[in-house]
Amino acid sequence: MPIHHTVFKNPFEVKTQDVDWVDGMPHSIDYDDRFFQTDAINEIHDVFIKPNNLEDRLQEAHQFTIGELGFGFGMNFLVTALLWNHSKHKSKMETLDYVSIETSLPTKGQILKVIKSFPELEEIGGYFLSNYSPMHNDMQRIDLPELNIRLTLIQNNAEPALQNLLGFSNNLIDAWYLDGFDPAKNKTMWSSSISQLISLLSSNEATFGTFTSAGFVKRNLIKFGFEVSKVSGFGKKRHKLIGKIIPRKHFENPSHVRSPKIAIIGSGIAGSCAAYAAANHGMQVDVFEYGREAACGTSSNPIAAMYPRFSASNSPYAHLIAQSYFFADRIYSQFPNEYKRTGLLFTHFNEYQKEWLEDMMSLDREDIFQLLHEADMKNTYGLESKGLKVLQGGYLFPRELCKRLLENKNIEIYTDHCFESSTEIDAKLALHFSNQLNNNQYDALVIANGAGLLNSVQGLKISKGQLVGLSGTQDVTSKLPINSEGYILPPVNGVTWIGSTHQKDFNDLKPSDKENQELIKRTENNFNIKLHAEGDLLTEARARVGSKDRLPIAGRVSSEQNIYALGALGSRGFSLAPLMGEYIASQISNSPNPISTGIALSINPMRFKD
């Protein structure tokens, strides 16, 4: 499996800034150094903004990414955001990308305390804090639409964080803020290997600014291809370093198509999330659905739930599951009628699940997990078992949610279109449908039509899943989803849905009475309850697509054409789809990835190719 580089033992390990406050300003205990001067805003302009010529470059560029080593308390980011917010109406680009790396993230309270010392940052800082809620370490994608900024905040040591960006041209940086502590006290941040990674991740017009003037820092940057100058420092500091990359022969910055027009095949949760992300990246999106309305396939179940089966390892899989779950929770929270943020409950643990429960409790994250003892479970839920409540997440109404994700002025939906193939015409893609004519041409194609992916991607498998709806009042009623070996969802319109079956061998998607009865019996045994199944049962049967290694697929399916695939989401579709859609949108728009290279390679659709 590809490597995901991290300094942490698992995605949920917490490391925050350890500081003393001196005259209202933070002072690092670990490095015995101040974060910034009382004249911080002017210092940031002098050390970072002016050496990178940002006032002019942000107006002239069609696309631009700032890279920062040392997020600290977000001061550089907030001052840059303030500059951009005042000038973005003059810019040729729609969104500024900002990638920042920090080992120890600040708390909200710490950022708020800093902001209070700088009144000009209070408004923009308050908006940032309303979107700042890191639930895991490593990569966090934070969209700030009111500022037209896309922040990729990476909690990791500098070297592994930079290694996780290698291999993708859309991760290249145009302007660097090198803001680590004093090199004499923080040598790992200023090592030769860091300088090499900075060079490898620089565009051909990259510049940098830094407060330090240390000789070995200058020599390292020169060694790896930078033109470096020692100039007057800020305030009482005598010197600082500024510079730019020496243009490399045969190096081409990735091409950028302004407002690309893309096609998406499928309007279920995968297609809807891809369309939502693409539209937010400024693309024009045409969505093609074979049915007569959006989300009429697997994503048309009456109700569904998130699935937070996290891992306490530091594998690419563990980070993918954590990052995607909380990203989905943030996206869906914008739609409170379609997504009910109730949390979820796990109960009646088998031996494997008991080990998982112990792993989750060992993480010591009371902001995510709440252990419920038998008495609490009996009183609150009527269940005789201990329980684990995941405080984030909830349940949703799939079809309604998909339709809300597709409500965007940049998205057009075409129903009754049965996709067959695509052909390339002058670097554009033309689509062919078995029952419709389409004369449009597209810059990119995303295939996200569930079982239809079996025609274009190897290594996939398909199974049949069945839900049962029980009318009337049940002995167990809950306002949040309950999970064991199976699940019970909150009642909707007097119906309690339970699930689900998993049939590897099947001939059709007709509901099976035998499977219904077996599911009811299994649910009763798992939860030690009696279900009331009088009268006609409601049943929904759908095709579920997964992969041989149980990881999703997201990315290019062709090294020559701009064709992507998104799917094989298995039972985690609603948790995985938003981040996978954001990843593909970032690839097409040439914006920084929201996931590491190790994760990207792990979900590459071409990994199963012969």
Side-chain angles (χ1 to χ4, degrees), residues 1-13 15 65 67 69 97 99-103 105 134-141 152-173 188 193-194 196-201 254 309-328 457 459 546-557 559 564-570 572 575-587 590-609:
M1 177 175 283
I3 297 174
H4 174 86
H5 302 278
T6 178
V7 70
F8 295 104
K9 296 176 182 177
N10 60 69
F12 300 101
E13 187 177 348
K15 191 172 185 180
T65 301
L69 301 189
D97 276 295
V99 179
S100 186
I101 296 169
E102 177 61 65
T103 304
L105 288 183
M135 302 304 298
H136 55 82
N137 54 53
D138 210 71
M139 281 189 164
Q140 330 248 354
R141 173 58 57 85
T152 305
L153 181 57
I154 307 172
Q155 186 179 12
N156 205 341
N157 281 0
E159 186 165 350
L162 293 170
Q163 288 172 327
N164 284 338
L165 297 175
L166 293 172
F168 285 88
S169 61
N170 53 308
N171 285 336
L172 295 181
I173 303 298
T188 56
S193 59
I194 294 291
Q196 183 179 28
L197 288 165
I198 290 170
S199 176
L200 291 171
L201 288 165
R309 186 56 67 88
F310 302 120
S311 169
S313 75
N314 65 356
S315 67
Y317 170 83
H319 284 274
L320 170 63
I321 295 304
Q323 291 173 26
S324 62
Y325 184 84
F326 291 104
F327 185 79
V457 178
S547 71
K548 290 180 179 179
D549 59 10
R550 299 188 178 183
L551 288 171
I553 59 167
R556 281 180 179 266
V557 294
S559 57
Y564 300 78
L566 196 170
L569 305 180
R572 300 179 187 269
S575 300
L576 288 166
L579 186 61
M580 299 297 92
E582 179 68 17
Y583 166 60
I584 287 181
S586 298
Q587 290 278 292
N590 193 40
S591 303
N593 287 339
I595 56 176
S596 73
T597 296
I599 293 176
L601 294 175
S602 296
I603 62 175
N604 186 340
M606 294 191 283
R607 67 187 185 271
F608 298 114
K609 265 196 169 183

Asks: Mark yes or no for whether N171, through its side chain, and L165, through its backbone, hold a donor-acceptor pair below 3.5 Å.
Replies: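 Confirmed, N171 side chain pairs with L165 backbone.
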
Asks: Considering non-hydrogen atoms only, spot the tightest contact between I584 and A565 and give its length.
Replies: CD1-O, 3.4 Å

Asks: Less than 4.5 Å apart, side chain to side chain, heavy atoms only: is that true for L320 and M580?
Replies: yes

Asks: Test ring pair (Phe, Tyr, Trp, His ring centres under 6.0 Å) on Y564 and Y583 and set out the steps.
Replies: CA-CA 11 Å; Y564 300 78; Y583 166 60; 8.4 Å; no

Asks: Can you name the nearest heavy-atom pair linking P605 to V457, along with the distance?
Replies: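 So the minimum-distance heavy-atom pair works out to O-CG1, 3.7 Å.
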
Asks: Do R572 and Y325 pass the side chain to side chain contact (heavy atoms under 4.5 Å, CB included) test, and can you show the C-alpha distance, the side-chain angles, and the key distance before you say yes or no?
Replies: CA-CA 9 Å; R572 300 179 187 269; Y325 184 84; over 6 Å; no

Asks: The test is side-chain hydrogen bond (donor to acceptor under 3.5 Å, both in side chains); show your working for N314 and T6 and say whether it passes.
Replies: CA-CA 7 Å; N314 65 356; T6 178; 5.9 Å; no

Asks: Kindly compute the distance separating CD1 (I154) from OG1 (T103), expressed to the nearest 0.5 Å.
Replies: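 Taking CD1 in I154 and OG1 in T103, the distance rounds to 11.5 Å.
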
Asks: Take I553 and L566, measure what side chain to side chain contact (heavy atoms under 4.5 Å, CB included) needs, and give me the verdict at the end.
Replies: CA-CA 6 Å; I553 59 167; L566 196 170; over 6 Å; no

Asks: Is any side-chain heavy atom of S547 less than 4.5 Å from a side-chain heavy atom of P552?
Replies: no

Asks: Would you indicate whether the side-chain heavy atoms of Y317 and L551 approach each other to under 4.5 Å?
Replies: yes

Asks: What heavy-atom pair brings F12 and M135 nearest, and what distance separates the two atoms?
Replies: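 In this case the closest contact between F12 and M135 is CD2-O, 3.9 Å.
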
Asks: Are I595 and L579 close enough, and set up right, to give a side chain to side chain contact (heavy atoms under 4.5 Å, CB included), and what steps lead you there?
Replies: CA-CA 8 Å; I595 56 176; L579 186 61; 3.8 Å; yes

Asks: Looking at N170, is its backbone amide N or carbonyl O close enough to the side chain of N593 to form a donor-acceptor pair, meaning the two atoms are under 3.5 Å apart?
Replies: no

Asks: Run the numbers on M139 and Q323 for side chain to side chain contact (heavy atoms under 4.5 Å, CB included), then give the verdict.
Replies: CA-CA 7 Å; M139 281 189 164; Q323 291 173 26; 4.0 Å; yes

Asks: Out of the candidates I3, N164, N156, only one should pair with S596 under the side-chain contact (heavy atoms from CB on, under 4.5 Å) rule; please name it.
Replies: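 Only one of I3, N164, N156 forms a side-chain contact (heavy atoms from CB on, under 4.5 Å) with S596, namely N164.
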
Asks: Output the distance between atom OG (S324) and atom CG (L576), rounded to the nearest 0.5 Å.
Replies: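 Rounded to the nearest 0.5 Å, the OG-CG separation comes to 4.5 Å.
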
Asks: Would you check if the side chain of E582 reaches a backbone N or O of P578 as a donor-acceptor pair within less than 3.5 Å?
Replies: no

Asks: For Q155 and K15, indicate whether the former's side chain and the latter's backbone hold a donor-acceptor pair under 3.5 Å.
Replies: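 Side chain of Q155 to backbone of K15, a donor-acceptor pair under 3.5 Å: yes, one is there.
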
Asks: Would a distance-only check, ignoring hydrogens and angles, find a side-chain to backbone donor-acceptor pair under 3.5 Å from N157 to V7?
Replies: no

Asks: So which atom in P316 and which in H4 form the shortest heavy-atom distance, rounded to 0.1 Å?
Replies: CG-CB, 3.8 Å

Asks: Any idea which heavy atoms bring A322 and H136 closest together, and the distance?
Replies: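 Answer, listing the atom of A322 first, then H136: O-CD2, 3.9 Å.
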
Asks: Report the distance from atom CZ of F327 to atom CD of Q140, rounding to the nearest 0.5 Å.
Replies: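 Rounded to the nearest 0.5 Å, the CZ-CD separation comes to 11.0 Å.
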
Asks: For N10, does its backbone N or O pair with a side-chain atom of N137 as donor and acceptor, under 3.5 Å?
Replies: yes

Asks: Scan side-chain atoms only and decide if S193 and E159 contain a donor-acceptor pair under the 3.5 Å cut-off.
Replies: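 Yes - a donor-acceptor pair under 3.5 Å links their side chains.
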
Asks: Return the minimal non-hydrogen interatomic distance between S575 and A328, and the atom names on each side.
Replies: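 Residues S575 and A328, closest heavy atoms: O-CB, 3.6 Å.
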
Asks: So does L601 have more than 12 non-hydrogen atoms from other groups sitting under 6.0 Å from CG?
Replies: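 Count over threshold, so yes.
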
Asks: Looking at side-chain heavy atoms only, is the closest gap between L162 and L200 below 4.5 Å?
Replies: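 Of all side-chain heavy-atom pairs linking L200 with L162, none is under 4.5 Å.
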
Asks: Give a yes or no answer on whether the side chain of T597 reaches the backbone of L166 with a donor-acceptor pair at less than 3.5 Å.
Replies: yes

Asks: Which residues pass the salt bridge (Lys or Arg N to Asp or Glu O under 4.0 Å) test with R607, sequence neighbours left out?
Replies: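 Applying salt bridge (Lys or Arg N to Asp or Glu O under 4.0 Å) to R607 gives D549.
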
